[in-house]
Each structure stands twice: as structure tokens, then as C-alpha cells.
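Worksheet: the structure to be examined is printed underneath.
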Amino acid sequence: KGDKGDREINLLKRQVSTLEGQLRALQSSFSKYKQVIMFPNGRIVGEKIFMTSGYEGNFDSLKQRCSQAGGQLASPRNAAENAAIQQILVLYNKSAFLGINDIQTEGRFKYLNGENIVYSNWQTGEPNNDKGVEDCVEVYSSGKWNDKSCGEKRLIVCEF
Ligand code: 289
Ligand code: CA
């Protein structure tokens, strides 16, 4: 009668409970791995991970390295993301180049995908395109931004 059905339901219940236990174990193990991998050079904000390797180079070189690693140069879209990048810069006491520039049209800052920026944190008086050669954007360890010549060398911070 219903005995076979009852046995099948009980079997399924045991299987679900086993899977729940395995999922809890995986979640706890994953959360530990995240902590280890983020220490001390990475920060997580929502779905984004910001990370430096400590390398310093010009804009093109940083851009290439981030993309080779499967990410892109840090492109903060809000204050929380900018603050995460800043925390990394404070550790290194250095400035980084962002994945933002106005190479195409002077004064119109865009992300690497060509989209106009939706957030900025310029230092007072910036961007000033000093000597007419500043098309890239550096972020200081204060979190403030300055437009700067793309040929300068800055710390790499990628986002994944
Ligand atoms: O070459 C000029 C830069 O080093 C920076 O100098 C000053 O900090 C300001 O004029 C900045 O805007 C400029 O990028
Ligand atoms: Ca400037």
C-alpha cells in the first residue's frame, strides 16, 4: 500500500539531511578559504573582489596584467568600493591607477568598457589635466582622485 511510498519519503529525507550537512561544511570551509585568500591584500565589496599583487607599472601595463589574471583594473562605482581600494592603498602607502581615463575625449572620464563614470571622488581642484597630459586617474591612499599622466608608475589593484 502506502508502505513503499513511506520508505521512499524517509530515504529522501535522510538524503536531504545529509546534503544539508555537506552544504554547511562546504560553506564554512569556503568562508575560511575566503578569509585566507583575502589576507592581507584583498577586500570584498558585495560581489566584487579588489586585490593587489604589489606590482607597480604604467597604466597599460597594469591594465594588461589585470586582464591577463581574468579581472580588470579597479573601477569603483560607489563610495564603498572606493573605500575598499583605499584600505589596500593604506597598507602599501601608495597610489594606484583606476580603470578610468579620458583618453578618447578630454574631460569625459570613462570606464574601460567605454561607459561614462557613475561615481567620482576627485581631490579639490582635480581633474586639471596638468600640462595637458593627464588622461589617467590615480587614487591616493586618502581615497581622493587625481588625473595623472598614464606613463607614470602606480600600484596595481585589480577587481574580479
Ligand atoms: O605633474 C603634475 C602632477 O604631479 C600633479 O601635480 C599636482 O599634484 C597637481 O597639479 C595635480 O593635478 C597634478 O596631477
Ligand atoms: Ca591632475
Side-chain angles (χ1 to χ4, degrees), residues 20 22-160:
E20 281 172 341
Q22 289 171 336
L23 180 60
R24 268 194 300 275
L26 268 175
Q27 281 170 328
S28 134
S29 159
F30 182 58
S31 125
K32 193 179 247 181
Y33 272 101
K34 268 202 300 195
Q35 278 177 280
V36 171
I37 287 165
M38 289 303 123
F39 177 80
N41 304 315
R43 292 288 183 279
I44 299 177
V45 185
E47 307 259 283
K48 258 191 207 180
I49 296 173
F50 294 102
M51 178 85 75
T52 183
S53 66
Y55 174 77
E56 291 171 70
N58 64 29
F59 175 75
D60 281 339
S61 163
L62 302 183
K63 194 172 74 165
Q64 198 188 349
R65 282 188 178 233
C66 285
S67 127
Q68 212 152 34
Q72 66 164 1
L73 258 184
S75 309
R77 297 180 70 95
N78 55 53
E81 292 187 358
N82 200 67
I85 297 164
Q86 183 192 352
Q87 286 170 18
I88 295 173
L89 299 182
V90 167
L91 286 180
Y92 283 75
N93 193 26
K94 287 191 173 143
S95 301
F97 271 137
L98 297 176
I100 293 172
N101 63 70
D102 72 342
I103 292 169
Q104 197 179 52
T105 308
E106 179 50 42
R108 180 166 298 188
F109 286 88
K110 296 177 172 211
Y111 300 114
L112 300 175
N113 67 4
E115 184 193 356
N116 288 332
I117 56 172
V118 296
Y119 162 84
S120 63
N121 195 33
W122 298 111
Q123 173 107 305
T124 306
E126 307 295 348
N128 65 351
N129 195 26
D130 196 59
K131 300 184 184 78
V133 297
E134 300 191 319
D135 289 344
C136 282
V137 179
E138 66 176 337
V139 51
Y140 300 129
S141 59
S142 66
K144 289 291 175 184
W145 298 7
N146 172 40
D147 60 338
K148 189 81 183 175
S149 162
C150 302
E152 298 293 320
K153 288 188 174 170
R154 291 293 179 269
L155 184 68
I156 193 168
V157 179
C158 308
E159 66 177 37
F160 298 91

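These figures come from a predicted structure and were not determined experimentally. Just follow the structure's listing: the first ligand is 1, and inside any ligand the first atom is 1.
N121 places a side-chain N or O within 3.5 Å of a backbone atom of G143 that can act as its donor or acceptor partner. The closest donor-acceptor contact from the side chain of Y111 to the backbone of V118 lies under 3.5 Å. Looking only at distances, a side-chain donor or acceptor of Q86 sits under 3.5 Å from a matching main-chain atom of S141.
Of all protein atoms, those that are N, O or S and lie under 3.0 Å from the Ca ion (ligand 2) total 6.
Put simply, CG on L155 and NZ on K153 are 13.5 Å apart, with the number rounded to the nearest 0.5 Å.
Aromatic pair F109/W145: ring centres not closer than 6.0 Å.
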message = Pair V157, V139 - check side chain to side chain contact (heavy atoms under 4.5 Å, CB included), show working.
response = CA-CA 10 Å; V157 179; V139 51; over 6 Å; no
task = Show your working on side chain to side chain contact (heavy atoms under 4.5 Å, CB included) between C150 and D60 and close with a plain yes or no.
result = CA-CA 8 Å; C150 302; D60 281 339; over 6 Å; no
List below, pair by pair, the N or O atoms of ligand 1 and of the protein that are less than 3.5 Å apart, including the distance to 0.1 Å; reply 'none' if no pair qualifies.
unit_1: ligand 1; atom_1: 4 (O); unit_2: K148; atom_2: NZ; d: 2.5
unit_1: ligand 1; atom_1: 10 (O); unit_2: N128; atom_2: ND2; d: 3.3
unit_1: ligand 1; atom_1: 12 (O); unit_2: E126; atom_2: OE1; d: 2.9
unit_1: ligand 1; atom_1: 12 (O); unit_2: E126; atom_2: OE2; d: 2.5
unit_1: ligand 1; atom_1: 12 (O); unit_2: N128; atom_2: OD1; d: 2.9
unit_1: ligand 1; atom_1: 12 (O); unit_2: N128; atom_2: ND2; d: 2.8
unit_1: ligand 1; atom_1: 12 (O); unit_2: N146; atom_2: OD1; d: 3.2
unit_1: ligand 1; atom_1: 14 (O); unit_2: E134; atom_2: OE1; d: 3.0
unit_1: ligand 1; atom_1: 14 (O); unit_2: E134; atom_2: OE2; d: 2.4
unit_1: ligand 1; atom_1: 14 (O); unit_2: N146; atom_2: OD1; d: 3.3
unit_1: ligand 1; atom_1: 14 (O); unit_2: N146; atom_2: ND2; d: 3.0
unit_1: ligand 1; atom_1: 14 (O); unit_2: D147; atom_2: O; d: 3.2

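Note on residues 92-110: pairs passing side chain to side chain donor-acceptor pair (under 3.5 Å), not counting sequence neighbours, are N41-Y92, E56-K94, Q104-K110, E106-N129.
Every residue meeting the salt bridge (Lys or Arg N to Asp or Glu O under 4.0 Å) condition with K48, not counting sequence neighbours, appears here in chain and number order: E81, E159.
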